[in-house]
Amino acid sequence: MIEIQEILFDARAIDRKVNELADRISRDYEGKDVVLICVLKGAITFTADLMRRLTMPVELDFTRAASYGNSTTALGDVSITKDIDTDIKDRHVLLVDGIVDCGKTLDCLRRRYTARGPASLKTVVLLDKRSRRTVDVPIEYIGYEIPDRFVVGYGMDFSEKHRNLPYIAEIKSS
Ligand code: IMP
Ligand code: MG
């Protein structure tokens, strides 16, 4: 059985942080058009909130990666199971993910999309489990750094559950 152990960030805290990130990103990309790539499924809530606060013109696309591991850790290789449709050559690209853990997923996505010759490619994540990093992947915009805990909510799941929670919580399994 899975239970919520502790709420780490409530809806208001998330809201404030998303605003802060959106302000920074909007300033950095002033005068530019951007392609947002939302990393399914976990980043949908974050992307939807973030994009509404960006002041430059944005296009939206989706990608998806799968890693071989168990439900809480990505152990092995990452493969891309859904590609974007947009031609990103010479475009400014912003990859949006909910959480970075060991870093393999974002590293794989960055390599794939950097190879297509974008004008620039940066990454934004809401949550960063920095202590778990095994791949040194550059992340330009980070919402919160969190300890090595398994979290759900605001798009993030445990076995496909709890994505709908409006807050981010740690779960305990028993
Ligand atoms: P990485 O490749 O180890 O960085 O794994 C990143 C992916 O693992 C994320 O995009 C999530 O899908 C998943 N993930 C890692 N930690 C958590 C967590 O605490 N809750 C939910 N999903 C997580
Ligand atoms: Mg998951």
Side-chain angles (χ1 to χ4, degrees), residues 1-11 13-15 17-18 21-22 25 35-51 60-84 86 88 93-115 121-174:
M1 237 239 337
I2 302 300
E3 288 171 62
I4 300 301
Q5 169 131 321
E6 187 193 345
I7 294 180
L8 299 181
F9 306 106
D10 64 15
I14 296 169
D15 203 59
K17 186 56 79 175
V18 174
L21 287 168
I25 294 168
V35 181
L36 292 185
I37 303 181
C38 169
V39 182
L40 295 171
K41 298 175 184 174
I44 63 150
T45 320
F46 179 41
T47 306
D49 282 347
L50 183 74
M51 68 185 287
L60 176 64
D61 210 331
F62 299 92
T63 191
R64 187 160 194 205
S67 52
Y68 302 98
N70 61 31
S71 47
T72 56
T73 43
L75 297 172
D77 289 340
V78 176
S79 64
I80 291 166
T81 56
K82 192 224 170 292
D83 202 346
I84 54 171
T86 313
I88 56 169
V93 172
L94 200 48
L95 259 178
V96 186
D97 206 350
I99 187 163
V100 55
D101 188 31
C102 71
K104 285 182 184 168
T105 305
L106 280 177
D107 183 58
C108 173
L109 291 166
R110 272 192 91 105
R111 284 171 197 276
R112 151 90 63 130
Y113 295 124
T114 299
L121 189 147
K122 290 186 184 178
T123 305
V124 50
V125 297
L126 183 61
L127 304 178
D128 178 7
K129 284 193 204 174
R130 190 161 308 170
S131 64
R132 298 253 310 158
R133 201 66 42 79
T134 58
V135 181
D136 188 21
V137 55
I139 301 172
E140 287 78 8
Y141 303 99
I142 294 167
Y144 292 108
E145 194 176 320
I146 61 165
D148 181 12
R149 294 171 172 188
F150 199 81
V151 297
V152 294
Y154 198 66
M156 286 163 288
D157 75 306
F158 176 76
S159 293
E160 294 303 322
K161 300 267 190 313
H162 306 304
R163 292 193 196 274
N164 57 308
L165 296 175
Y167 50 82
I168 293 166
E170 181 185 358
I171 52 168
K172 70 167 171 229
S173 45
S174 54

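All values below were derived from every heavy atom in this structure, side-chain atoms included, with hydrogens, water molecules and symmetry-related copies excluded. Remember, it's 1-based here, ligands and their atoms both numbered in the order they're listed.
- In terms of distance to the Mg ion (ligand 2), the nearest N, O or S atom of Asp157 is named OD1.
- Of the options Asp128, Ile99, Val151, the smallest heavy-atom separation from atom 21 (C) of ligand 1 is shown by Val151.
- Between Phe46 and Tyr154, the ring planes lie tilted relative to each other; the angle falls in the 30° to 60° range.
- Side-chain contact between Ile142 and Arg130 is present, with at least one heavy-atom pair separated by less than 4.5 Å.
- Arg64 pairs with exactly one of Thr105, Ile84, Thr81 by the side chain to side chain contact (heavy atoms under 4.5 Å, CB included) rule, that one being Thr81.
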*Apply salt bridge (charged side-chain N to carboxylate O under 4.0 Å, His left out) to Arg110 and Glu140, showing your working.*
CA-CA 12 Å; Arg110 272 192 91 105; Glu140 287 78 8; 3.3 Å; yes

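- Nearest residue to atom 19 (O) of ligand 1 from Arg64, Met156, Lys129 is Lys129 (criterion: closest heavy atom).
- Between Met156 and Ile99, the closest side-chain pair of non-hydrogen atoms falls below 4.5 Å.
- Atom numbering of ligand 1 starts at 1 in the shown order; those under 4.0 Å from a heavy atom of Arg149 are 19 (O).
- Considering backbone and side-chain N/O of Gly103, one or more are found under 3.5 Å from N/O of ligand 1.
- Taking every non-hydrogen atom of Cys102 and a distance limit under 4.0 Å, the qualifying atoms of ligand 1 come out as 1 (P), 2 (O), 3 (O), 4 (O).
- Residues Thr47 and Val39 fail the side-chain proximity criterion, which asks for heavy atoms closer than 4.5 Å.
- Every atom of ligand 1 is numbered from 1 in the order shown, and the set under 4.0 Å from a heavy atom of Asp157 is 21 (C).
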